[in-house]
Amino acid sequence: MTKMPPELPIEVDSETGVWTTDALPMLYVPRHFFVNNHVAVEQALGIETYAEILYQAGYKSAWHWCEKEAECHGITGVDVFEHYMKRLSQRGWGRFFTEAIDLDAGTACVRLEDSAFVYQQGKVGHKVDYMFTGWFAGAMDQILAARGSELRTVAEQTQSAAEPACDVGRFQVTPRSQSAG
């Protein structure tokens, strides 16, 4: 393993101790702490209920993040989505790769390697990275809205490296059906 310093800008306010990256407040916690809390809530609520809560919260957060980052860095369109994948990767969630993206169609395919959830939980036999799904739809929808598009999307995890015979996680972003609202 080769070690390197963080690739993202981190500033710490000497008076408050607040960490920021690109002017957004951040938290720095051990992976086991976060995942253990995540699993405890999952066990209390059930995976389906918790996944839906995380989807909605993640969607809203990704929209906000992409809006602020686009403004901060003067970027638009696919560049915003790629910047988001880069920053997620740099913050230790895993390594995210955009395998395909089509803003006109409202579609994207994302591959996840080295997932923090898989590293912590191992091959548990089911999808463990569902927390990210709302992030991808929220990012896509913010980018679409900024382009003036009324198209909105939904994201789904199709596989996880925590499942048998899977080495990576995969996510699909597709247009939301008109009947889904």
Those residues that, when tested against [X], pass salt bridge (charged side-chain N to carboxylate O under 4.0 Å, His left out) (two or more places apart):
| X | result |
| --- | --- |
| Asp79 | none |
| Glu163 | Lys127 |
| Asp114 | Arg95 |

Say whether Val18 and Val12 are linked into one hydrophobic cluster, either directly or through other cluster members, by side-chain heavy-atom distances under 4.5 angstrom. no

I'd like to know if Trp65 and Tyr59 are part of one continuous hydrophobic network [Ile/Leu/Val/Met/Phe/Trp/Tyr, side-chain heavy atoms within less than 4.5 Å]. no

Donor-acceptor pair, side chain of [X] and main chain of [Y], under 3.5 angstrom:
| X | Y | result |
| --- | --- | --- |
| Thr98 | Ala100 | no |
| Asp141 | Arg152 | no |
| Tyr55 | Ala155 | yes |
| Ser61 | Ala57 | yes |

Which heavy atom of Pro9 sits nearest to which heavy atom of Thr21, and what is that distance? O-OG1, 2.9 Å

Tell me whether the centres of the aromatic rings in Trp135 and Trp63 are closer together than 6.0 Å. no

Pairs under 3.5 angstrom only: tabulate donor-acceptor contacts from the side chains of residues 167-175 to other protein residues two or more places apart or in another chain.
{"from": "Arg170", "atom 1": "NH1", "to": "Glu99", "atom 2": "OE1", "distance (Å)": "2.8"}
{"from": "Arg170", "atom 1": "NH1", "to": "Glu99", "atom 2": "OE2", "distance (Å)": "3.1"}

From Asn37, Val35, Asn36, residue fulfilling side chain to side chain contact (heavy atoms under 4.5 Å, CB included) relative to Phe33: Asn37

Return yes when atom NZ of Lys123 has more than 12 non-hydrogen atoms of other residues, nucleotides or ligands closer than 6.0 Å, and no otherwise. yes

Considering residues, nucleotides and ligands other than Glu11, do more than 12 of their heavy atoms fall under 6.0 Å from its CD? no

Taking only residues at least two apart or on different chains, which pairs with a member in residues 13-34 satisfy salt bridge (Lys or Arg N to Asp or Glu O under 4.0 Å)? Asp22-Arg87

Return the SG to CD distance between Cys66 and Glu71, rounded to the nearest 0.5 Å. 13.0 Å

Between [X] and [Y], do the side chains contain an N or O donor and an N or O acceptor separated by less than 3.5 Å?
| X | Y | answer |
| --- | --- | --- |
| Glu42 | Tyr130 | yes |
| Glu156 | Thr133 | no |
| Asp102 | Thr107 | no |

Take Leu8 and Arg91, measure what side-chain contact (heavy atoms from CB on, under 4.5 Å) needs, and give me the verdict at the end. CA-CA 8 Å; Leu8 64 163; Arg91 289 187 287 159; 3.6 Å; yes

Quick one: ring-ring contact (aromatic ring centres under 6.0 Å, His included) pairs with a partner in residues 98-118, sequence neighbours left out? His38-Phe117, Phe117-Phe132

